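Just below is one structure, and these are the notes that go with it.
Keep in mind that the numbers below use all heavy atoms, side chains included, and drop hydrogens, waters and symmetry copies. We count residues from 1, following the sequence as given. Bear in mind that the values here come from a model prediction, so they are computed numbers and not experimental data.
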Amino acid sequence: MLGLKKKLQEVGISQSELSRRTGMHYTTVTAIVNGRLIPWDGQKQKIADALGIECIDELLREVD
């Protein structure tokens, strides 16, 4: 599981809510959260802003 998926579960934000907050299409968000798409810098920043964090690079790594 990617750290991003775990972070969403921890803060109680669904993928559809993340999509709404970032303005990105739901399928794009789902692909990023599930590790099927590597986000470009602008997408990373939108996700970080939506989560209220500085950077999501750490969250794009596999976690237990």
Side-chain angles (χ1 to χ4, degrees):
M1 170 189 304
L2 286 184
L4 179 55
K5 190 171 197 171
K6 188 173 181 178
K7 178 72 171 179
L8 290 176
Q9 290 172 348
E10 287 174 3
V11 296
I13 296 175
S14 67
Q15 291 178 28
S16 60
E17 176 62 18
L18 182 62
S19 173
R20 188 189 67 73
R21 289 184 185 192
T22 60
M24 295 189 304
H25 195 274
Y26 176 77
T27 56
T28 301
V29 170
T30 299
I32 293 169
V33 170
N34 291 319
R36 293 189 316 268
L37 177 68
I38 298 170
W40 45 271
D41 290 339
Q43 290 170 323
K44 287 181 185 179
Q45 190 58 54
K46 287 179 180 183
I47 294 169
D49 291 345
L51 295 175
I53 58 177
E54 187 96 8
C55 178
I56 69 160
D57 288 335
E58 286 254 335
L59 298 178
L60 296 175
R61 295 185 178 92
E62 290 285 328
V63 294
D64 294 329

Of all the heavy-atom pairs spanning S19 and Y26, show the shortest one and how long it is.
OG-N, 3.3 Å
Which atom names give the shortest non-hydrogen contact between A50 and T22, and what distance separates them?
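Where A50 meets T22 most closely, the heavy atoms are CB-CG2, 3.8 Å.
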Do the side-chain N and O atoms of Q45 and D49 include a donor-acceptor pair separated by under 3.5 angstrom?
yes
Residue list, side chain to side chain donor-acceptor pair (under 3.5 Å) with K44, at least two apart or on another chain
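By the side chain to side chain donor-acceptor pair (under 3.5 Å) rule, K44 matches D57.
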Qualifying residues under side chain to side chain donor-acceptor pair (under 3.5 Å), relative to T28, sequence neighbours excluded:
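For T28 there are no side chain to side chain donor-acceptor pair (under 3.5 Å) partners, ignoring immediate neighbours.
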Any residue meeting salt bridge (charged side-chain N to carboxylate O under 4.0 Å, His left out) with E58, in chain and number order, not counting sequence neighbours:
R61
Qualifying salt bridge (Lys or Arg N to Asp or Glu O under 4.0 Å) pairs with a residue from residues 26-38, counting only residues at least two apart or across chains:
none
Could you work out the complete set of other residues in the hydrophobic cluster of I47, with links drawn between I, L, V, M, F, W and Y side chains under 4.5 Å apart?
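Members besides I47, by chain and number: L4, L8, V11, I13, L18, M24, V29, I32, V33, L37, L51, I53, I56, L59, L60.
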List the residues meeting side-chain contact (heavy atoms from CB on, under 4.5 Å) with E10, not counting sequence neighbours, and say none if there are none.
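Partners of E10 under the side-chain contact (heavy atoms from CB on, under 4.5 Å) test: K6, K7.
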Between Q43 and W40 (side chain of the first, backbone of the second, donor and acceptor by atom type, cut-off under 3.5 Å), is there such a pair?
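Confirmed, Q43 side chain pairs with W40 backbone.
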